[in-house]
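Keep in mind that the numbers below use all heavy atoms, side chains included, and drop hydrogens, waters and symmetry copies. Throughout, a chain's letter reflects where its sequence line sits, starting with A, and its residues are numbered from 1.
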Number of protein chains: 2
Amino acid sequence: MSQDFMIGELAARTGCKVQTIRYYEEIGVMPPAVRAANNRRMYDDTHLERLTFIRHSRELGFSLDDIRSLLALADQPDRPCDEVDEIACNHLNEVERKIASLKVMENELRRMISHCAGGTVSDCRIIKVLADHNLCEEHSKLTA
Amino acid sequence: MSQDFMIGELAARTGCKVQTIRYYEEIGVMPPAVRAANNRRMYDDTHLERLTFIRHSRELGFSLDDIRSLLALADQPDRPCDEVDEIACNHLNEVERKIASLKVMENELRRMISHCAGGTVSDCRIIKVLADHNLCEEHSKLTA
DNA sequence: CTACATGCTACAGTTGCTGTAGGAGCAAGG
DNA sequence: CCTTGCTCCTACAGCAACTGTAGCATGTAG
């Protein structure tokens, strides 16, 4: 096992673009790849696992900064996982905040659109509401 | 009416930073300000209205590109408002898409966090799920 | 007269990539 | 043997929507 392969195969196996992998190496979330004689990056299963971890974390919305911390913690199995929990909880809070903010936008957009009678721009409720904050029902709740 | 004032007052009256106003002028969503003898930008109520429109649109999540289009349409009151509706509807769809994607993240994060028993990193469910996509309940639904 | 606030330009930095230019190596087909 | 085409390499520019900084000029208050 731990057969070596090149960046193209790592990309194909993880659904990650080649440039993105090189970018992860550049910013230090992926370790520098060992180079073959022709200067090409060679990878094995440990790289595959690490990149899978990164991609999954990204899909869950973690920042690369958080991921750097999570990877560092994952490499120290005997430490308590408080810090992991904290990163995850903070991120969950952030996700909830974003959902709440988007829902306010959603409500207001729906309201604007449903009030538009479809005439000319001068009658358009959407333009009116955008021009005058006071016509907006939720204008105190917006904290995007 | 239409008293002139400087950029600091425009900023204070709209809750927009001074640099942001200059940036809006630079990219052309705000018209170039008339300059006083000392080269300072002077504004009047039309600028105040325009910036209010921009800020409110931004609060509702519209891109500056969309806002450019909306402002151009707002300046042509006799045209039908189909295009306005279309921009607003497209944006609403995008907002809904984002909410759906964030909710998937939220569910999975909650699930991970609630499964963590609080021991060491080697037992941590959060790290395990991040490392192995198959432990993720919703991994097919993530399309952030 | 001296601070201090405000204004100006110009540019770098943020996040997480994506795309491009310009070049080299390698295998297969003609 | 040569060309075509694929993959790889580095280095850099660009996206969105700002925000912050440096270094300077101007205006006002005490």
Side-chain angles (χ1 to χ4, degrees), chain A residues 4-30 32-43 47 51 53-71 90-91 94-95 98 101 105 142-144, chain B residues 4-30 32-43 47 51 53-71 90-91 94-95 98 101 105 142-144:
Chain A
D4 284 2
F5 41 86
M6 284 191 295
I7 201 167
E9 192 176 334
L10 182 60
R13 287 220 239 167
T14 53
C16 184
K17 301 211 173 187
V18 166
Q19 297 108 299
T20 306
I21 298 172
R22 289 198 279 243
Y23 169 70
Y24 287 162
E25 180 180 324
E26 193 185 315
I27 64 164
V29 296
M30 283 290 283
V34 174
R35 300 303 182 106
N38 52 13
N39 196 36
R40 299 190 175 184
R41 292 171 177 84
M42 298 306 295
Y43 297 96
H47 296 97
L51 186 51
F53 186 106
I54 295 168
R55 294 308 289 176
H56 193 192
S57 303
R58 288 292 300 132
E59 282 175 348
L60 289 171
F62 285 100
S63 68
L64 286 170
D65 231 46
D66 280 349
I67 294 171
R68 225 189 304 265
S69 307
L70 289 169
L71 283 165
N90 286 344
H91 178 51
E94 190 57 24
V95 167
K98 278 188 192 158
S101 149
M105 291 183 196
L142 285 166
T143 38
Chain B
D4 282 4
F5 40 86
M6 284 191 294
I7 198 165
E9 192 177 335
L10 182 59
R13 287 220 239 166
T14 53
C16 184
K17 303 210 169 185
V18 167
Q19 297 107 301
T20 305
I21 298 172
R22 290 198 279 246
Y23 169 70
Y24 287 163
E25 180 179 325
E26 193 185 313
I27 63 163
V29 296
M30 282 291 282
V34 174
R35 300 303 182 104
N38 52 14
N39 195 37
R40 297 190 178 184
R41 293 172 176 84
M42 298 308 292
Y43 298 96
H47 296 98
L51 186 52
F53 186 105
I54 295 168
R55 293 309 291 175
H56 193 191
S57 303
R58 287 292 301 133
E59 280 174 350
L60 289 170
F62 286 99
S63 69
L64 288 170
D65 232 46
D66 279 349
I67 294 171
R68 224 189 303 265
S69 308
L70 290 168
L71 284 166
N90 286 344
H91 178 51
E94 190 56 25
V95 167
K98 277 187 192 156
S101 149
M105 289 182 197
L142 285 165
T143 39

Item to complete: With sequence neighbours excluded, give me every salt bridge (charged side-chain N to carboxylate O under 4.0 Å, His left out) pair touching residues 11-27 of chain A.
Response: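 Those involving residues 11-27 of chain A are A/Glu9-A/Arg13, A/Glu25-A/Arg41.
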Worksheet item: On DNA chain D, nearest-nucleotide positions of A/Ile7 versus A/Glu26: which is more 5'?
Response: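 Nearest nucleotide further toward 5': that of A/Ile7.
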Worksheet item: Residues two or more places apart in sequence or in another chain: which of them pass side-chain hydrogen bond (donor to acceptor under 3.5 Å, both in side chains) with B/Tyr23?
Response: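 For B/Tyr23, no residue satisfies side-chain hydrogen bond (donor to acceptor under 3.5 Å, both in side chains) once neighbours in sequence are set aside.
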Discussion item. B/Glu94: which residues meet the side-chain hydrogen bond (donor to acceptor under 3.5 Å, both in side chains) condition with it, sequence neighbours left out?
Written reply: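 B/Glu94 satisfies side-chain hydrogen bond (donor to acceptor under 3.5 Å, both in side chains) with B/Arg97 once adjacent residues are dropped.
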Practice prompt. Only counting residues at least two apart or in another chain, list the ones meeting side chain to side chain contact (heavy atoms under 4.5 Å, CB included) with B/Ser63.
Written response: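 Only B/Asp65, B/Asp66 meet the side chain to side chain contact (heavy atoms under 4.5 Å, CB included) criterion with B/Ser63.
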Practice prompt. For B/Asn38, enumerate each residue passing the side chain to side chain contact (heavy atoms under 4.5 Å, CB included) test, keeping only those at least two apart in sequence or located in another chain.
Written response: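 Here the qualifying residues are B/Ala36, B/Arg40.
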Check the distance between [N]'s [atom2] and [X]'s [atom1] and give it to me in whole angstrom.
| X | N | atom1 | atom2 | answer |
| --- | --- | --- | --- | --- |
| A/Leu64 | C/dC17 | CG | C1' | 9 Å |
| B/Glu25 | C/dG7 | CD | P | 14 Å |
| B/Ile27 | D/dT19 | CD1 | P | 12 Å |
| A/Ile21 | D/dT10 | CD1 | P | 13 Å |

Practice prompt. Do nucleotides 20-30 of chain D as a string where each nucleotide becomes B, S or -: B if the base has a protein heavy atom under 4.0 Å, S if just the sugar-phosphate does, - if no protein is that close.
Written response: BB----BS---
Strictly below 4.0 Å: does [X] bring a side-chain N or O up to OP1 or OP2 of [N]?
| X | N | answer |
| --- | --- | --- |
| A/Ser63 | C/dT15 | no |
| B/Tyr23 | D/dA16 | no |
| B/Thr20 | D/dA17 | no |
| B/Arg55 | D/dA17 | no |

Worksheet entry | Residue mapping more 5' on DNA chain C - nearest nucleotide basis, A/Asp65 or B/Met6 |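 Residue closer to the 5' terminus by nearest nucleotide: B/Met6.
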Worksheet item: Has the side chain of A/His91 got a donor or acceptor atom that lies under 3.5 Å from a matching backbone atom of A/Leu60?
Response: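 Checking the backbone N and O of A/Leu60 against the side chain of A/His91, a donor-acceptor pair under 3.5 Å is found.
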Discussion item. What's B/Phe62 touching, base or sugar-phosphate or nothing? Going by heavy atoms closer than 4.0 Å.
Written reply: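 No contact.
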Worksheet item: Do A/His47 and A/Thr14 have side chains that get closer than 4.5 Å, going by heavy atoms?
Response: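 No, too far: nothing below the 4.5 Å cut-off.
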